[in-house]
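Everything below concerns the one structure shown next.
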Amino acid sequence: MKMDAVGRRRTTGAKYECLLFDMDDTLYPLSTGVNLACRKNIEEFMLQYLNIEESEVPRMCLELYKEYGTTMAGLKALGYEFDNDEFHAYVHGRLPYETLRPDPVLRNLLLSMPQRKIIFTNADKAHARQVLKRLGLEDCFEGIICFETLNPPLEPAEFMDALDDNQVLAGGDQEPNTADRTDASCASSKSPVLCKPSLEAFEAAIRIANVDPKKTIFFDDSARNIASGKAAGLHTVIVGSSVLVPDADYALRSIHNIKEAIPEIWDGGEEQMEQVIQSAAVETVVLA
């Protein structure tokens, strides 16, 4: 299933037509402590559910993250079997979401941008929804490309058909029946994980979002993801640093600096501003 900018202005002829945003540590700062809490939860999961030696867990967690993009992907690659949903529920279920506060400045910036805006995250859909809701940004994006999008619990053809029949909206899932969910869970527990920074993940996101990479800007806090985004043909912005990293076209100390750093995002968009803001008052579609 490909996304389309239904009800939103298309920036035909514009330099940029789509803005692709990472979420965690990009739309909010690392200082919230969510990242650290997440890492601790992953380490606890490894210790309690995978019976990995306690002294090895911190090192292994970090090394797998560096090599595979996420610790979860690394664990799967090493042959550890566990249910994806149970992993996400454990890792994200006890995060300090209360540290995330509504960000009206960012919200106004996003709503003023005339381009399509899409989240591209390695996180699961429940976490993505929770974060966007806490930040007050749940209606600022056309859609979310998340873990379930790139790692569907069913066979690809069946999964896309299910999406076509039951469009999944934030807060309104259509769940498969129990038997299907059990079979899918068993299969997914052994499947390799597709995620950033793999080039394959970027190519899949570009295809799903139905965007022209030459007219799309990708925002992320990870230098590795920036490099892969550039390899996929995207314009790239490193967030959380005022210093350019390899393959980054722009550097933002904070996502709030976007208008000063990349004013051309708003070029020619002023006359459409009211239409975009009005059409943004819909829930974000989760392609999962």
Heavy atoms, side chains only, cut-off 4.5 Å: are [X] and [Y] in contact?
X: Met72; Y: Leu75; answer: no
X: Leu150; Y: Ile208; answer: yes
X: Met60; Y: Met46; answer: yes
X: Ile118; Y: Cys18; answer: yes
X: Leu111; Y: Cys140; answer: yes
X: Arg134; Y: Thr99; answer: no
X: Leu109; Y: Lys259; answer: yes
X: Met113; Y: Ile258; answer: yes

Does NZ or CZ of [X] come closer than 6.0 Å to the centre of the six-membered ring of [Y], within 45° of the ring's axis?
X: Lys196; Y: Phe120; result: yes
X: Lys133; Y: Tyr97; result: no
X: Arg224; Y: Tyr65; result: yes

Where Ile265 and Gln115 come nearest, the two heavy atoms and their spacing: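 So the minimum-distance heavy-atom pair works out to O-NE2, 2.7 Å.
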Least distance between heavy atoms, Cys61 atom then Ile42 atom: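 Where Cys61 meets Ile42 most closely, the heavy atoms are SG-CG2, 3.9 Å.
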CZ on Arg107 to CG on Leu132, rounded to 0.5 Å: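 Taking CG in Leu132 and CZ in Arg107, the distance rounds to 11.5 Å.
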How many angstroms lie between NE2 in His235 and OH in Tyr250, if you round to the nearest 0.5 Å?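 Atom-to-atom, His235:NE2 and Tyr250:OH are 8.0 Å apart.
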When the ring planes of Tyr49 and Tyr90 are compared, do they come out parallel, tilted or perpendicular, using 30° and 60° as the limits?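 Geometry flag for Tyr90 against Tyr49: perpendicular rings.
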Member of Asp220, Asp249, Asp247 meeting the salt bridge (charged side-chain N to carboxylate O under 4.0 Å, His left out) criterion with Lys230: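 Only one of Asp220, Asp249, Asp247 forms a salt bridge (charged side-chain N to carboxylate O under 4.0 Å, His left out) with Lys230, namely Asp249.
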For Thr26 and Asp221, test the side chains for any donor-to-acceptor distance below 3.5 angstrom and give the result as yes or no.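 Short answer, yes.
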Does one side chain, of His92 or Asn41, offer a donor that lies under 3.5 Å from an acceptor on the other?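 Per modelled atom types, His92 and Asn41 side chains form no pair under 3.5 Å.
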Taking atom NZ of Lys40 as the centre, report whether more than 12 heavy atoms of other residues, nucleotides or ligands fall under 6.0 Å from it.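 Not buried by this count: 12 neighbours or fewer within 6.0 Å.
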